[in-house]
Enquirer: 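First the structure, then my questions, so here it is.
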Number of protein chains: 2
Amino acid sequence: MQSVQEVTATMRAKGLRATPQRQCIIRLLQDNHSHPTVESLYEEALGEMPTISQRTVYQTVHDLESLGEVRLLDLGTGSLRVEPNLENPHHHLACIVCGRVVDIPVEFPGLRVPDDYLGGFSVDTVEVVFRGRCETCT
Amino acid sequence: MQSVQEVTATMRAKGLRATPQRQCIIRLLQDNHSHPTVESLYEEALGEMPTISQRTVYQTVHDLESLGEVRLLDLGTGSLRVEPNLENPHHHLACIVCGRVVDIPVEFPGLRVPDDYLGGFSVDTVEVVFRGRCETCT
DNA sequence: GACCTTATCAGCATTCATTGCTGATAAGCA
DNA sequence: TGCTTATCAGCAATGAATGCTGATAAGGTC
Ligand SMILES: [Mn+2]
Ligand SMILES: [Mn+2]
Ligand SMILES: [Zn+2]
Ligand SMILES: [Zn+2]
């Protein structure tokens, strides 16, 4: 995602207000490679804004998704995960025990659906998910 | 998955009983490439067994998973999907609108995590999910 | 066929992540 | 300043999945 300044400018341009809550979430997502859940973002935000509500965090990440600033991943870990790193396309390795998600910033060439199997589908995205156990869960 | 006879034999060998309900589910999964949800399996089973409970279907697919006869996929379509085709490893193409899932029986060579990125993880599975819209949802 | 054990069923309750709703308050920004 | 939108609290509702219970049914073994 872009810088706090850029994202807030984008929000204003779209008629959204750059509230402290939203700026807080945006800040927490800057250079964040932990793929946080909404819950964990909320916990962190509470440190700075003791009255922020979980509902606002949900709303904000959805707003950011609509603006194309983040993606919301469902990697089968039980809850949504926020992906702010859209600049560098990559794949993921998820721990089936604790849900930890790390990036696999590797391109896999030739990763597309052969025409014979398309069957009328139009493909938007490809996602490669490796699953296993992280060091602490082994 | 194996034939009804083989699966029931496996169940008995493990001390599980080959009840009509279980056999019904197993039969419904034979050569089934629709990646059914538990709900849809249940609806279908109701045709043959009007008193079968959804709970029993849940239990049975988990039993079958423990026996290694099926896999339970979470492809982000909202509910579990039962994959009885373990003989032919393949990937999936899912419709983000209706949840339809079709097979992409293609191997993508070189699809593994580079050692540099493993970071202590031990990898069990790889899953490639293509997402898009099916013909009827376009 | 008898008996022990397990499965099923109905019928709820519960969990968990997420969304919805509401009315009052706060605050962004033109 | 004033219009409009966001936030908040707080609670309800959703939907998929699991848990629980006591009674009944029935599988498999001898
Ligand atoms: Mn990532
Ligand atoms: Mn499949
Ligand atoms: Zn882990
Ligand atoms: Zn569709």
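By convention in this document, chain letters (A, B, ...) are assigned in the order of the sequence lines, proteins followed by strands, and residues within each chain are numbered from 1.
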Enquirer: Compare side-chain N and O positions of A:T56 against OP1 and OP2 of D:dT7 and report whether any pair is under 4.0 Å apart.
Expert: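 No, A:T56 has no side-chain N/O under 4.0 Å of OP1/OP2 on D:dT7.
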
Enquirer: Look at the side-chain N and O atoms of A:H62 and state whether any lies under 4.0 Å from the OP1 or OP2 oxygen of C:dT18.
Expert: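 Checking C:dT18 against A:H62, no side-chain N or O comes under 4.0 Å of OP1 or OP2.
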
Enquirer: Quick one: label A:G15 by what it contacts on the DNA or RNA (base, sugar-phosphate, nothing), any heavy atom closer than 4.0 Å.
Expert: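 If one applies the 4.0 Å heavy-atom cut-off, A:G15 turns out to touch nothing in the nucleic acid.
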
Enquirer: Check whether any side-chain N or O of B:T56 sits under 3.5 Å from a backbone N or O of B:I52 as a donor-acceptor pair, and report yes or no.
Expert: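 Such a contact is absent between B:T56 side chain and B:I52 backbone.
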
Enquirer: In terms of side-chain heavy atoms of B:Y58, which of C:dT6, D:dT7, D:dT18 is nearest?
Expert: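 Nearest to the side-chain atoms of B:Y58, counting from C-beta on, is D:dT18.
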
Enquirer: Any side-chain N or O of A:R22 under 4.0 Å from OP1/OP2 of D:dA6?
Expert: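 True: A:R22 side-chain N/O within range (under 4.0 Å) of D:dA6 OP1/OP2.
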
Enquirer: Checking all strands, does A:T37 fall into the base, sugar-phosphate, or nothing category for heavy-atom contacts under 4.0 angstrom?
Expert: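 Here A:T37 touches no strand at all.
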
Enquirer: Please pick, from C:dA17, D:dC8, D:dA17, the nucleotide with the shortest atom-to-atom distance to any side-chain atom of A:S79.
Expert: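 Between C:dA17, D:dC8, D:dA17, the one nearest the side chain of A:S79 would be C:dA17.
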
Enquirer: Within this structure, what is the CE-to-C1' distance between B:M11 and C:dT6, rounded to whole angstrom?
Expert: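 Answer to the nearest Å: 12 Å.
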
Enquirer: Starting at the 5' end of DNA chain D, which residue's closest nucleotide do you reach first, B:A18 or B:Q59?
Expert: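 So the residue in question is B:Q59.
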
Enquirer: A:L16 CG to C:dA27 P: how many Å, rounded?
Expert: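 After rounding, the gap between these two atoms is 19 Å.
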
Enquirer: Indicate whether OP1 or OP2 belonging to C:dA10 is found under 4.0 Å from a side-chain N or O atom of B:R55.
Expert: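 For B:R55, the contact criterion (side-chain N or O under 4.0 Å from OP1 or OP2 of C:dA10) is not met.
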
Enquirer: May I ask you to evaluate whether A:R12 reaches the phosphate of C:dC29, defined as a side-chain N or O under 4.0 Å from OP1 or OP2?
Expert: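 Yes, such a contact exists.
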
Enquirer: Between B:F108 and B:H91, is the gap from one ring center to the other below 6.0 Å?
Expert: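 B:F108 vs B:H91: aromatic centres under 6.0 Å.
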
Enquirer: Which part of the nucleic acid, if any, lies within contact of A:E39, taking any heavy atom under 4.0 Å across all strands shown: a base, the sugar-phosphate backbone alone, or nothing?
Expert: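 No contact.
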
Enquirer: Within the structure, does a side-chain N or O atom of B:T19 lie under 4.0 Å from either OP1 or OP2 of C:dT8?
Expert: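 For C:dT8, OP1/OP2 do have a side-chain N/O of B:T19 under 4.0 Å.
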
Enquirer: Return no unless some side-chain N or O of A:Q21 is found under 4.0 Å from OP1 or OP2 of C:dA26.
Expert: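 Indeed not, no polar side-chain atom of A:Q21 lies that close.
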
Enquirer: Go nucleotide by nucleotide along DNA chain D from the 5' end; which of B:V38 and A:I52 gets its closest nucleotide reached first?
Expert: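 The residue mapped nearer the 5' terminus is A:I52.
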
Enquirer: Please determine, for the side chain of A:R17, which listed nucleotide (D:dT5, C:dC9, C:dT6) has the closest atom?
Expert: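 Nucleotide nearest to A:R17's side chain: D:dT5.
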
Enquirer: Anything under 30° is parallel, anything over 60° is perpendicular, the rest tilted; go ahead and classify B:Y58 against B:H62.
Expert: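 Rings of B:Y58 and B:H62: parallel, under 30°.
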
Enquirer: Has B:R27 got a side-chain atom pairing as donor or acceptor with B:R22's backbone, closer than 3.5 angstrom?
Expert: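 No, B:R27 side chain to B:R22 backbone: no donor-acceptor pair under 3.5 Å.
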
Enquirer: Of the options D:dC8, C:dG28, C:dT18, whose atoms approach the side-chain atoms of A:P20 most closely?
Expert: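 Nearest nucleotide to the side chain: C:dG28.
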
Enquirer: List the steps and the verdict of side chain to side chain donor-acceptor pair (under 3.5 Å) for A:H90 and A:H92.
Expert: CA-CA 7 Å; A:H90 58 270; A:H92 293 110; 3.2 Å; yes

Enquirer: Expressed as a whole number of angstroms, how long is the span from B:Q23:CD to D:dA26:C1'?
Expert: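 Rounded to the whole Å, the gap is 12 Å.
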
